[in-house]
Amino acid sequence: MFYFRCVIGNQLSAANIECDLLMCIIKVKNLSRHFDGFVAVDNISFTVKKGEIFGLLGPNGAGKTTTINMLSTLLKITSGHAEVAGFDISKNKDNVRRNIGMVFQEPALDNKLTGRENLDFHAMMYGIDTVTRKARIREIFDLVELTDKADVLVENYSGGMKRRLEIGRGLIHRPRLLFLDEPTLGLDAQTRRHIWEYIKKLNKENGISIILTTHYMEEADYLCDRVAIIDHGKIVVMDSPKKLKDILGGDVVSLETDENPEKFISLLKELEWIKTIKKHDGFLDLTMDNGEKKIPELFNIAQSVRTKISSISLHKPSLEDVFLHFTGKTILEQEASQGEKNKKLMMRRMGR
Amino acid sequence: MINIKVVYILWLREMKRFFRAKSRVIGTLGMPLFFLAFLGFGFRGMPIPGLAEGVGYIEFLVPGIIGMSMLFSSMFAGISVLWDREFGFLKEIMVAPVSRVSIVIGRIAGGIMTSLFQAILILSISILMGFKITGISSLLWAVVFLILISATFIGLGLIFASRMRDIHGFSLIMNFIIFPLFFLSGAVFPFDNLPGWVRGLSYIDPLTYGVDGLRGALIGISSFPLIYNFTILVISSVAMVLLGTYFFEKSEYV
Ligand SMILES: Nc1ncnc2c1ncn2[C@@H]1O[C@H](COP(=O)(O)OP(=O)(O)O)[C@@H](O)[C@H]1O
Ligand SMILES: [Mg+2]
């Protein structure tokens, strides 16, 4: 009974989210955080299922890090309720901490220690005995392919190496849940790919549940089983990437035709796989599923009524379009205006 | 509640960081040694009012400078929480499933060790310069005082760290807390020479009793009885460590 509600019960009106402990690794209900009156996280609710990769997608300043920091017990909550691995994040902090692995947005390594010393430090903080510790650290270095750099000071690591070391470190104590705050921020395309594959592998092969934040659309799309789009501290919409994109009605095929495509249009209207038809200055915008497969057919139909098609383009909706659809802005515009706002805030603080 | 392994690993980290940063070791030794050399030679043989019979200025000064080095390095060790925060490593510490008390004790243990190391270096150099100590038991007493001074001021440093958002306020603390504590303590001149109301402040400066205790231990001459200094420092160190822990636990470090 409960299980069923958990699986389908991800509507935004999450007041009635019920989620069995056996199924969910994170339960968040009406969680908020204020900073001196500024609402950084505004009454959000969601659940993360075991074995899932869940993403918080949103522009800079949306409240992603604040959310992650509350769930990992680093920040106090202002109001609401949340459980991580079955433990209340305000009342049972140590048990929450024991069950999570954490990779922070900004590097959190000791640069004056070697990679191995950083991992040793971590393992000892988590109470792992000497024999196990040695074995696991060796394992981790293999996994993140840093064995040859293990005894080099971290200050001599590249950005990508640090990131890999941090992800590895988050795994030493075998957490059930891994938090990844912007795991690929500022990394080059190749390293990013590498880390994506790595995250997928962890999730698939080791069954670790993962909650990650990102402001990269492709990242959320590629990695996440479900995504919550977050803006101004609120969850705007939440679902699997595919379902989110389906909200927009499928692919858009744009045809440039000659002056009078009326006959062509009337034929198109009879086809049930075409969802909408929009005509605007010489262009026809058609929405449909699997657009790339339907293009040849469109050509055939056009030819049968002697309508000439002079150009054609296919646009597959991305999460960027979903973000635009729900917030009226692209994520980049949003970040720009957020930047403006922060600047104004700073000016006010400086008494100007 | 207090996890020894956690204390140990935090202590070990401090040791590694300290001894790897050669410039830090030398840098922190610089000021006390300059004070010792210039004040010591500068005022040598001058009649200083308030000095006990038969005590040369260098003899008077060495315990004071050791106390000063303790004050500076211990305050720094407490406030260095902010450096860890600046470089992100504090989050790694705070998200671990260990009691906050263990974290504080670990930091204090590390801070005491590095401060003690510096103090003993200064003492050794002083001995080379001709400073005489009375024996092994006086050295042991001195170490006891050094530990108590260090714990007191690391605790105070932690309190300040929890009230500050970043390290920019450090120079304020340097100029308006650390230096006054140093001068009030009578480290470089007998605090009896201070005007009445300022002397009142000396009486509430824990370093006054630290320096006096060190003098009692090392040269056998002090304003207050050794046990009196000892008791006050035990109280101040316990109080500061508890307060430091309390403030450390209460504040958010992200
Ligand atoms: N310690 C803080 N004090 C004041 N404001 C903060 C603090 N931390 C975050 N904020 C503000 O809260 C908002 C959300 O920040 P954050 O959670 O870091 O966003 P994101 O991770 O999505 O980029 C931002 O506007 C930020 O300026
Ligand atoms: Mg962030």
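Below, chains carry the letters A, B, ... as their sequence lines are ordered, and counting in each starts from 1. The model shown is predicted, which means the values in this text are computed figures rather than measured ones.
- Between chain B and the residues A:Thr65, A:Leu74, A:Leu113, A:Asp110, the most heavy-atom pairs under 4.5 angstrom are made by A:Asp110.
- For B:Phe153 and B:Phe76, the ring centers sit 6.0 Å or farther from each other.
- Taking 4.5 Å as the limit, some side-chain heavy atom of A:Phe121 sits within range of a side-chain heavy atom of B:Ile93.
- For B:Phe19, the CZ atom sits in a packed shell: over 12 heavy atoms of surrounding residues, nucleotides or ligands are nearer than 6.0 Å.
- A salt bridge links A:Asp120 and A:Arg133; the closest N-O separation between the charged side-chain nitrogens and carboxylate oxygens is under 4.0 Å.
- Using a 4.5 Å cut-off between heavy atoms, B:Arg100 touches chain A through its side chain atoms alone.
- Looking at B:Lys91, the atoms closer than 4.5 Å to chain A (heavy atoms on both sides) sit in the backbone and in the side chain alike.
- Contacts with chain B were tallied for A:Arg33, A:Met102, A:Glu106, A:Lys93; A:Arg33 has the most, counting heavy-atom pairs under 4.5 Å.
- Neither the backbone nor the side chain of B:Leu12 comes within contact range of chain A, judged by heavy atoms closer than 4.5 Å.
- The candidate from B:Ala96, B:Gly106, B:Ala21, B:Pro97 with the greatest count of non-hydrogen atom pairs under 4.5 Å with chain A is B:Pro97.
- Of all the heavy atoms in A:Tyr157 and A:Gly115, the pair that sits closest is OH-CA, 3.5 Å.
- In summary, A:Glu155 and B:Arg17 do not engage in a salt bridge, as defined by a charged side-chain N under 4.0 Å from a carboxylate O.
- The greatest number of non-hydrogen atom pairs below 4.5 Å with chain B, out of A:Glu117, A:His122, A:Glu166, is found for A:Glu117.
- Residue A:His173 does not touch chain B at all, counting heavy-atom pairs closer than 4.5 Å.
- Heavy atoms closer than 4.5 Å to chain B are found in the side chain of A:Asn69, but not in its backbone.
- Both the backbone and the side chain of A:Leu75 have a heavy atom closer than 4.5 Å to some heavy atom of chain B.
- By the 30° and 60° cut-offs, the orientation of the rings of A:Phe54 relative to A:Phe46 is parallel.
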